[in-house]
Amino acid sequence: MRRPADRWGAISGGEGSGTAQCQAGLTFRTMPDRPVVTRFAPSPTGHLHIGGARTALFCWAYARHFGGHFVLRIEDTDQKRSSEEAAKGILEDLAWLGITWDDGPRLEHEGTLIGGDPRGVGPFYQAQRLEIYQAYLERLLAAGRAYPAFETGEELERLRAEAQARKETYRYRQAEGYDHAQSLAEMRRREAAGEPYVVRFRMPDTAIHVIDSVLGDIRFDEEHTDDFVLRKADGFPTYHFAVVIDDELMGVTHVLRGQEHLNNTPRHVALQQALTHEDGSPFRTPVYAHLPLIFNADGSKMSKRDKDKAVRKAVQASPDATARALALAGKDALDTWLADKTRQLGTDSLLALAGDLRVELPEIDSEDFRRSGYLPGALCNYLALLGWNPGAKNDDGTDLERFDTGFLCDHFSLERIGKSNSRFDRDKLLAFNQAALGALTPDAFERELRTWCRRYDPGLPETLGDRFKAAARAIQPRVKVLSQCREPIAFALIADDSVVFDEKSVAKVLHKGEPTGLAVLKEFRPILGGLESFEPEAIELAVKAFCEARSLGMGKLAQPVRVALTGGTVSPGLGETIALVGRAGSLARIDRCLLVCAAR
RNA sequence: GGCCCCAUCGUCUAGCCUGGUCUAGGACGCCAGGUUCUCAUCCUGGAAACCGGGGUUCGAAUCCCCGUGGGGUCACCA
């Protein structure tokens with residue numbers, strides 16, 4: 001599992017590791033003082049967001065780089081929004097991306113088992129760890145570092161509003177003259193009576209320093225912190241509490257997460273300083289690395305609600321669309337969805353509606369990219385470049401930016417993580433994917449296409465039958481994503497007698513010149529009919545021979561045949577096109593073209 | 001608004017830490033050519049950036065300060 005030492009890349013001293021300087025001035029890496037453990041800890045409220053995928057990718061690559069452990073933990077402490085279904089979905093999304101975890105929920109993916117608990121640090125669902133949190137909470141309570149609070153939500157809301165009116169930020173602070181013993185008694189009384197209360201953390205009266213491997217040292221002064229909630233009224237821990245305990249108990253050494261968490265970090269650090277294990281040993285502060293955020297191309301925040309937004313807009317735009325939405329979603333569901341911008345429709349309804357209304361859904365979850373037909377390798381490659389850069393050159397002097405996850409694991413380091421936010425550039429991702437598809441061997445591409453079709457377009461292989469292989473050949477260089485696969489071969493998916501002959505093409509290609517395309521076509525028909533093999537290569541040869549014998553340019557034959565077989569002048573190579581339409585189909589289409597277009 | 005973070009082509013970035021080799025390099029996109037039976041692929045070329053102002057220095061994209069701009073965050077969500 002561990003890599004040879006000479007393959008470790010450089011790490012900075014701030015990462016809890018030793019950096020040695022040798023005589024020649026070369027820096028080489030040493031193993032950190034304890035095994036590297038990273039974790040990805042999503043809340044199961046939906047599919048894996050693309051920003052989360054990037055975070056997971058980095059955490060995974062970092063652990064792999066050092067031969068450490070990558071933990072997957074499900075943060076389901078919000079009972080209202082979490083679902084087991086979403087958790088499963090996230091596991092599958094990660095597995096599809098090739099991001100596998102060492103410690104975490106078990107998942108069977110393509111015949112291999114991912115996850116497990118080799119270090120005995122589970123369970124990995126926070127909802128199953130409530131007793132653990134409670135034990136630490138009680139120690140904090142006993143030490144006076146945590147205390148019960150009895151304000152209702154409405155009261156807090158009012159206090160916040162009042163502060164806002166004074167142009168201040170409301171911060172919960174332990175009241176003057178607070179009596180801990182009395183407060184604990186009240187807590188016990190409420191406990192017995194089944195009345196709600198929360199437990200808050202007493203923040204220290206000192207500034208908190210956060211050491212971040214990406215952003216440097218950051219100081220948060222005490223007047224800007226507040227006594228946040230540790231245990232909610234429903235008995236569940238808040239994120240802050242659970243994350244600190246679990247990270248410590250699971251031996252997490254490096255926390256890589258989005259920059260939106262930066263302002264939470266002083267709370268976590270303060271908690272680490274206040275918490276101890278049963279034996280009195282202190283919690284440790286992991287190395288933090290806050291990752292720059294990813295935005296939409298237009299600079300707006302990438303949100304899982306974007307998909308709903310796009311469809312909602314289309315629905316509201318026309319009464320016709322509203323009617324169709326009504327049929328799909330039902331009146332009540334539609335009304336609440338339209339009225340509440342924060343509401344999300346089910347994936348299936350959303351997809352159906354988008355298809356029906358011809359709305360392009362923005363891709364924001366990893367599942368969306370899978371559906372669109374991106375290769376996980378290309379996605380990971382592009383994602384890795386959002387906030388990280390290998391800083392290396394290719395032999396031709398261009399920047400090295402196309403690489404696989406193996407390269408990422410070998411070279412990933414915190415010191416090359418950028419500080420500034422980036423925008424998600426679909427065009428560049430598309431280019432990466434097109435290159436990745438193009439680099440596949442024809443057989444590998446065919447397999448990828450089949451796999452994708454099985455999930456998202458089972459009708460295509462059915463329609464194509466034994467022409468699938470030829471279709472795949474024609475498709476490969478012509479699509480950027482697998483979901484475009486029907487476009488280059490659309491002519492092969494329609495009935496022979498439903499080809500629509502484009503007027504302009506007919507005029508230009510069939511009627512103009514000498515000889516006319518029509519004449520060439522007529523002459524070519526019997527040659528085609530008499531071919532022994534109908535493989536693209538054989539057809540190609542026959543076509544060349546035909547043209548050479550008559551001193552015709554290839555175009556003089558190819559374009560008329562294209563119009564006859566596809567209705568237009570654009571299609572894959574002539575041999576491929578003819579092969580895809582098939583012998584009977586080709587002859588029928590040529591005959592029909594001769595008949596229909598001669599009259600024009 | 002308070003706090004925190006950030007700032008190189010339209011976008012992602014290299015260079016910045018360890019000032020000079022930067023008339024700032026690459027990728028995507030864009031534009032113009034070329035190869036090819038059309039399309040796509042492929043090849044060649046081009047336009048395109050150091051946010052502003054001070055300072056330090058012989059010298060600043062690189063170091064410091066201020067301004068401006070952008071972003072994050074201010075929950076019994078995570």
Side-chain angles (χ1 to χ4, degrees), chain A residues 41-43 45 75-78 80-82 149 151-153 156-157 160 164 167-171 196-200 210 212 214-216 218-221 223-226 228-234 236 238-240 242-243 258-266 290 292-293 295 297 299 301 382 385-394 396-402 415 418-432 434 438 474-480 488 505 509 540 543-544 547 553-559 561-562 566 568-575 577:
Chain A
S43 62
T45 55
E75 309 226 324
D76 54 350
T77 54
D78 184 340
K80 288 184 285 293
R81 297 198 297 172
S82 300
E151 292 81 2
T152 63
L156 290 173
E157 233 165 82
R160 270 192 276 272
Q164 170 114 47
K167 292 186 189 273
E168 286 169 19
T169 303
Y170 177 70
R171 302 196 181 278
Y197 66 92
V198 302
V199 177
R200 287 177 182 270
V210 170
D212 187 278
V214 174
L215 302 171
I218 303 157
R219 174 195 162 108
F220 293 87
D221 287 317
E223 63 264 34
H224 302 294
T225 63
D226 71 345
F228 58 95
V229 173
L230 295 175
R231 191 186 119 125
K232 299 183 271 189
D234 64 2
F236 275 62
T238 57
Y239 160 71
H240 306 295
V243 81
Q259 251 173 46
E260 74 266 21
H261 285 296
L262 183 61
N263 292 311
N264 289 329
T265 313
H290 286 95
L293 270 16
F295 293 95
K301 194 175 179 183
Y382 177 71
L385 253 12
L386 255 29
W388 183 79
N389 191 288
K393 298 275 184 204
N394 291 306
D396 63 1
T398 56
D399 287 0
L400 196 166
E401 56 174 19
R402 311 282 180 115
E415 48 195 15
K419 298 180 179 186
S420 47
N421 300 336
S422 51
R423 297 177 183 213
F424 197 94
D425 183 353
R426 275 187 184 69
D427 285 334
K428 186 154 179 169
L429 204 216
L430 245 12
F432 273 45
Q434 184 172 31
I475 291 165
Q476 187 172 11
R478 291 177 179 79
V479 296
K480 294 176 194 283
S505 302
V509 171
E540 206 78 44
V543 163
K544 284 216 170 72
C547 290
M554 279 284 283
K556 199 61 195 164
L557 171 66
Q559 292 305 71
V561 172
R562 278 206 169 83
T566 74
T569 55
V570 175
S571 86
L574 194 57
T577 301

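Note on naming: letters A, B, ... go to the chains in the order of the sequence lines (proteins, then strands), and numbering restarts at 1 for each one. Computed from a predicted structure; not experimentally measured.
Every residue two or more places apart in sequence or in another chain was checked for a side chain to side chain contact (heavy atoms under 4.5 Å, CB included) with Pro477(A), and none qualifies. By the ring pair (Phe, Tyr, Trp, His ring centres under 6.0 Å) test, His261(A) is found to be paired with Tyr239(A), residues two or more places apart in sequence or in another chain being considered. Legend: residues meeting salt bridge (Lys or Arg N to Asp or Glu O under 4.0 Å) with Lys301(A), ordered by chain and number and at least two apart, are absent. Here Asp226(A) pairs with Arg267(A) under the side-chain hydrogen bond (donor to acceptor under 3.5 Å, both in side chains) rule; sequence neighbours left out. Considering only residues two or more places apart in sequence or on other chains, Arg426(A) meets the side-chain hydrogen bond (donor to acceptor under 3.5 Å, both in side chains) condition with Glu363(A). The side-chain hydrogen bond (donor to acceptor under 3.5 Å, both in side chains) test applied to Lys556(A) returns no partner, not counting sequence neighbours. Residues satisfying the side chain to side chain contact (heavy atoms under 4.5 Å, CB included) test with Gln434(A), not counting sequence neighbours, are Lys480(A). Every ring pair (Phe, Tyr, Trp, His ring centres under 6.0 Å) that Phe228(A) has, sequence neighbours left out, goes to Phe201(A), His240(A). Scored by the side-chain hydrogen bond (donor to acceptor under 3.5 Å, both in side chains) test, Glu157(A) finds no partners at all (sequence neighbours excluded).
With a 3.5 Å ceiling on both atom-pair distances, the Watson-Crick or G-U wobble partner of C42(B) is G34(B). Under the Watson-Crick or G-U wobble criterion, with both distances below 3.5 Å, U62(B) has no partner in any strand shown. Using N1 to N3 plus N6-O4 or O6-N4 for Watson-Crick, or N1-O2 and O6-N3 for G-U wobble, each under 3.5 Å, G1(B) pairs with C74(B). Base pairing of C28(B) is made with G10(B), judged by Watson-Crick or G-U wobble geometry with both donor-acceptor distances under 3.5 Å.
Going from the P atom of U68(B) to that of C76(B) covers 33 Å, rounded to whole Å. Rounded to a whole angstrom, the distance from the P atom of G19(B) to that of U57(B) is 15 Å. Between C28(B) and G67(B), the distance separating the two P atoms is 40 Å to the nearest Å. Comparing A78(B) with G70(B), their C1' atoms sit 25 Å apart, to the nearest whole Å. A49(B) sits 32 Å from C3(B) when the C1' atoms are compared, rounded to a whole Å. Separation of the P atoms belonging to A61(B) and A40(B) is 42 Å when rounded to the nearest angstrom. Nucleotides G10(B) and C50(B) place their P atoms 9 Å apart, quoted to the nearest Å. Spacing of C1' atoms, C65(B) relative to C22(B), comes out at 25 Å, to the nearest Å.
For the pair Arg231(A) and Phe236(A), the cation-pi criterion (under 6.0 Å, within 45° of the ring axis) is not fulfilled.
Rounded to whole Å, the distance from CG on Asp221(A) to C1' on C3(B) is 9 Å. Atom NZ in Lys419(A) sits roughly 6 Å away from atom P in A7(B) (whole-Å rounding).
Between the side chains of Thr45(A) and Arg81(A), no donor-acceptor pair is found at a separation under 3.5 Å.
Of the candidates C4(B), C6(B), C12(B), the closest approach to any side-chain atom of Ile218(A) belongs to C4(B).
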Going 5' to 3' through nucleotides 37-50 of chain B, assign each nucleotide B (protein heavy atom under 4.0 Å from a base atom), S (under 4.0 Å only from sugar-phosphate atoms) or - (no protein heavy atom that close). BBBSS---------
Letter by letter from the 5' end, nucleotides 65-78 of chain B scores (B base, S sugar-phosphate only, - none; protein heavy atoms under 4.0 Å) ------SBSBSBBB
Going 5' to 3' through nucleotides 21-28 of chain B, assign each nucleotide B (protein heavy atom under 4.0 Å from a base atom), S (under 4.0 Å only from sugar-phosphate atoms) or - (no protein heavy atom that close). ----BBBB
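To the nearest 0.5 angstrom, His224(A) atom NE2 is 10.0 Å from Arg219(A) atom CZ.
Among the protein residues, Gly387(A) comes within range of the sugar-phosphate backbone only, with heavy atoms under 4.0 Å from sugar or phosphate atoms but none that close to a base.
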